[in-house]
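Written out below as structure tokens is the structure these notes cover.
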Amino acid sequence: YLSYESADVWAFPQFFELNTKGERLSLAGVPPDAFAAGGQLWGNPIYNWHAMRQDGFSLFMQRIGTAMSYLDLLRLDHFIGYVNYWKVDCCYDEAGNYLYPDSAMNGNWVRALPEDFFGCLCESYSKERFIAEDLGILNEDVCHIRDSFGFPGMIILQFCFEDSIPEVSNYPADRWLYTGTHDNPTLKGWYNALTPESPSRKNLQSYCDKHAFRACQGKPNCANIHQIMRNIALASGCDKVIVPYQDILGLDDCARMNVPGTALGNWQWRINKEE
């Protein structure tokens, strides 16, 4: 999404759901999920997908084209939003005053135009140049669009131990495996927050007991968890693995990049030359 104060919204208001005064008719966000129990109200204006289709998705194509001029690969963040998106409508009081919603709870899912947009995109670029950040509430429609266009999806290793003991060696080769993303705690922070009775800690311990001589050397603890999880990722069936630099260094949550649903204190960590 683009900022309401951005030059893009100012220059191309016809591609966004705005009234004649330029006020937002609806806001972007997400419903309650694992990151935020009350959902997240981002406030970005919603795209007018039908107007964009009539124009050949020129706004998207220009922005992606600029990125492709200096990037080898482009991750399509919030991939589900290209298929269906969470829309929170704005309203007016009896006096005609514009009312800004105070939460994302009263929204609804709306389908975008994925066949049209991705069909246009793949006419210009090879599917191998994209990664689909297919995280969040995945339904059959999202998975169908991802697979029908051949975009590789993502797996987040921190989530893989929540419900069972994963067989990472069976993960699809074309998936991108991340130990964690910018929205996750660091591996050390993640492990520190797990209680001894949590399913994730128990399943991780069982995995390590089973694969002690391959991916896991020793019992997981706060000092070695970043090394063990990195080894597990490298033992997976995925051809491509991403390890955040914080997890290469084994840092705790003082180096966390972002806490979803919070407005302040994020995106401030930097690599120090001493590290």
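Everything quoted here is computed from the prediction, not taken from an experiment.
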Give, for atom [atom1] of [X] and atom [atom2] of [Y], the distance between the pair rounded to the nearest 0.5 Å.
X    : Y    : atom1 : atom2 : result
I80  : N84  : CD1   : CG    : 6.5 Å
Q40  : S103 : CD    : OG    : 12.0 Å
I46  : S26  : CD1   : OG    : 4.5 Å
E167 : I165 : CD    : CD1   : 8.5 Å
N48  : F12  : CG    : CZ    : 14.5 Å
K202 : T195 : NZ    : OG1   : 8.5 Å

Short side-chain donor-acceptor distance under 3.5 Å, Q246 and T186: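 On atom types as modelled, these side chains do not qualify, holding no pair under 3.5 Å.
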Side chains of E5 and S3: donor-acceptor distance under 3.5 Å anywhere?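 E5 vs S3: donor-acceptor pair found between side chains.
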Please report the closest heavy-atom contact between [X] and [Y], naming both atoms and the distance.
X    : Y    : value
L27  : P101 : CD1-CD, 3.6 Å
A104 : G39  : CB-C, 4.4 Å
R175 : M154 : CD-N, 4.1 Å
C208 : I228 : SG-CG2, 3.9 Å
G56  : C120 : O-SG, 3.8 Å
P45  : L18  : CB-CD2, 4.2 Å

Could you check whether any side-chain heavy atom of [X] comes within less than 4.5 Å of a side-chain heavy atom of [Y], counting everything from C-beta outward?
X    : Y    : value
D253 : W190 : no
C90  : E23  : no
W49  : F117 : yes
I232 : Y207 : yes
V30  : W42  : yes
L74  : I64  : yes
T179 : L187 : yes
D89  : K87  : yes

Please check: side-chain N/O of [X] versus main-chain N/O of [Y], any donor-acceptor pairing under 3.5 Å?
X    : Y    : result
R129 : D72  : yes
S6   : V9   : yes
D55  : M52  : no
T181 : D183 : yes
N224 : Q227 : no
N139 : V142 : yes
N203 : F161 : yes

Check this for me, if you would: do [X] and [Y] make a salt bridge, where the nitrogen-to-carboxylate-oxygen distance has to be below 4.0 angstrom?
X    : Y    : answer
D134 : R146 : yes
D174 : K240 : no
D141 : R111 : yes

Side chain to side chain contact (heavy atoms under 4.5 Å, CB included) assessment of L251 paired with Y245: CA-CA 9 Å; L251 302 179; Y245 203 73; over 6 Å; no
[X] and [Y]: same hydrophobic cluster, using ILVMFWY side-chain contacts below 4.5 Å?
X    : Y    : value
L264 : W269 : no
I271 : I248 : yes
L234 : L157 : yes
V241 : I225 : yes
L194 : V259 : no

Could you walk me through whether D252 and K188 pass the salt bridge (charged side-chain N to carboxylate O under 4.0 Å, His left out) test, one step at a time? CA-CA 5 Å; D252 61 21; K188 183 171 286 189; over 6 Å; no
Looking at residues at least two apart in the chain, or sitting in another chain, which of them share a salt bridge (charged side-chain N to carboxylate O under 4.0 Å, His left out) with E162?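 For E162 there are no salt bridge (charged side-chain N to carboxylate O under 4.0 Å, His left out) partners, ignoring immediate neighbours.
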Sequence neighbours excluded, which residues qualify as salt bridge (charged side-chain N to carboxylate O under 4.0 Å, His left out) partners of D209?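 So D209 forms a salt bridge (charged side-chain N to carboxylate O under 4.0 Å, His left out) with K219.
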R201 to Y191, cation-pi by 6.0 Å centre distance and 45° axis angle: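 Ring-cation test returns yes.
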Is it the case that R24 places NZ or CZ above or below the six-membered ring of Y4, under 6.0 angstrom from the centre and within 45 degrees of the axis?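 Checked: cation-pi criterion met.
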Specify whether Y82 and F118 have parallel, tilted or perpendicular ring planes, treating 30° as the upper limit for parallel and 60° as the lower limit for perpendicular.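 Taking F118 first and then Y82, their aromatic rings sit tilted (interplane angle of 30° to 60°).
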Could you please spell out the steps behind the side chain to side chain contact (heavy atoms under 4.5 Å, CB included) verdict for L135 and I156? CA-CA 9 Å; L135 307 179; I156 310 304; 3.9 Å; yes
Show, in sequence, the C-alpha distance, side-chain angles and deciding distance for L121 and F60, and conclude whether the side chain to side chain contact (heavy atoms under 4.5 Å, CB included) test is met. CA-CA 9 Å; L121 184 67; F60 279 169; over 6 Å; no
Taking atom [atom1] of [X] as the centre, does the number of heavy atoms from other residues, nucleotides or ligands within less than 6.0 Å exceed 12?
X    : atom1 : value
D163 : CG    : no
W267 : CH2   : yes
N106 : CG    : no
R63  : CZ    : no

I want to know whether F149 and F130 have ring centres closer than 6.0 Å.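 Centroid distance F149-F130: not below 6.0 Å, so no.
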Please determine whether side chain to side chain contact (heavy atoms under 4.5 Å, CB included) holds for the pair Y1 and Y47, giving the CA-CA distance in whole Å, both sets of side-chain angles, and the decisive distance to 0.1 Å. CA-CA 8 Å; Y1 284 114; Y47 295 115; 3.7 Å; yes
